[in-house]
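Right, one structure below, let's go through it.
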There are 2 protein chains.
Amino acid sequence: MSSERPDISPLTLNRLSVYLRCLKLLEVEGIERISSQELADRFGLSSSQIRKDLAQFGDFGVRGVGYQTSPLAERLESLLNLDVQHRLIVVGMGNLGSALARYLGFNDRSFQIVAGVDSAPERIGRKIGSVSVMPFDDLETVVTESQADIGVIAVPQEAAQAAYDRLVATGIRAILNFAPAVLDEVDGVSLKNVDMRIHLEELSFFL
Amino acid sequence: MSSERPDISPLTLNRLSVYLRCLKLLEVEGIERISSQELADRFGLSSSQIRKDLAQFGDFGVRGVGYQTSPLAERLESLLNLDVQHRLIVVGMGNLGSALARYLGFNDRSFQIVAGVDSAPERIGRKIGSVSVMPFDDLETVVTESQADIGVIAVPQEAAQAAYDRLVATGIRAILNFAPAVLDEVDGVSLKNVDMRIHLEELSFFL
DNA sequence: AGATGTGAATGAGTTCACAGCT
DNA sequence: AGCTGTGAACTCATTCACATCT
């Protein structure tokens, strides 16, 4: 059916993203080549884990030498699909949503905010950063016209499931959820939850 | 030295927070008693995991009966230290920081925003939600006077380590970091990273 | 009967340690 | 000599399955 993605654990995927960030920092410093050991030391990672993670996707390194910073960064970017620009639509333009609209995809090559919707009449038409707030009811049209491919949920808990379902109905296949809700997921749609309350509660535990 | 916390895996800790949220929802529905199976079905969890997680902290359930919603919620709240109110200070009152100041701890029993600091002179003195922005340079004083016990980092990547170090120097022992940076951690300080870029990159991978 | 609490079995993820390439 | 790529060992986490209690 859909084209096959290599089978990769979420934890590894997370780390690839981290490695990419580290490599970018090294590029800025002008470092062209680095060993897994050195990379691990610098950023508090594990060298064998770096090697194992990277080896999954081809022989990026050269024995006796290490990894070439820029080519590896490029391979990771393309593996993570970051060479295509993604278009975000934010559902819920309250405090958090507006801030995300201004913050996410700001000054960024891979992610760009293309639309924002809200159901509160008083917010509709407002201009937040580069987008104007459109009515939630027009979600389908807004998604189609803006060609958004990632949905961002920034509505209150009780509205989160509806926002999710509506986004999925528009054909969106990747969703970042900031609402503190356990969503009923649809197959074939990637979902990442950013749950600040859970994080705060974890911190609270250690206090 | 410091009093001993029961040894608990981060994954379990995460789930306790989830269980607590589910129980709260059940309380609202007026459900006073629930089995691990029913709880699992409702919220897409695993019943044996629920039992194992909960059993670590005492016999919360009754065989043949299940768990009492409210008492269990209370036990979890006290286990997670949520019966004390925590006081958050936000470092970096730009777009994201301001939104967090308005969003986090809003209408919440356990978390309250008590202060915000920034290093940009033009932001100082502004009133965001219930707090006024104070100078970053006065961090020590602000933390002391506001009695903040959790720090929230919402500065750009390059300023994140400095913000972290300064927070730690004030005596803060729990930090929530929104900057896309791999921080050099200090022992004895709890740190949770909320890295939206990593989340977006993960979603991108599946598109 | 019904649902917990838990050892035992399985599975996932990480680290070790070294063979093999440059 | 140096550093990757990788099987094998180990550690951590989840699921199974059932004895145990109400």
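All of these numbers come straight from a predicted model, not from anything done at the bench. Below, chains carry the letters A, B, ... as their sequence lines are ordered, and counting in each starts from 1.
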Distance test, side-chain N/O of [X] to OP1/OP2 of [N], below 4.0 Å:
{"X": "B:R15", "N": "D:dA13", "result": "no"}
{"X": "B:S46", "N": "D:dT15", "result": "yes"}
{"X": "B:Q49", "N": "D:dT14", "result": "yes"}
{"X": "B:S36", "N": "C:dT4", "result": "yes"}
{"X": "B:Y67", "N": "C:dG2", "result": "no"}

Could you walk me through whether A:R21 and B:D195 satisfy the salt bridge (Lys or Arg N to Asp or Glu O under 4.0 Å) test, starting with their C-alpha distance in whole Å, then the side-chain angles of each, then the deciding distance to 0.1 Å, before giving a yes or no? CA-CA 12 Å; A:R21 179 176 300 164; B:D195 198 319; 2.6 Å; yes
Can you name the closest pair of heavy atoms from B:V186 and B:Y164 and give their distance? N-OH, 2.8 Å
Would you kindly compare B:G64 and A:L11 by the position of their nearest DNA chain C nucleotide and give the one closer to the 5′ end? B:G64
With distance as the sole criterion, do the side chain of B:R51 and the base of C:dT4 form a donor-acceptor contact below 3.5 Å? no
Using distance alone, with no hydrogens and no angle criterion, decide if B:T12 and B:S9 have a side-chain donor and acceptor under 3.5 Å apart. yes
What does B:S9 touch in the nucleic acid at a heavy-atom separation under 4.0 angstrom: a base, only the sugar-phosphate, or nothing? sugar-phosphate
For a 4.5 angstrom cut-off between non-hydrogen side-chain atoms, does A:R87 reach A:I150? no
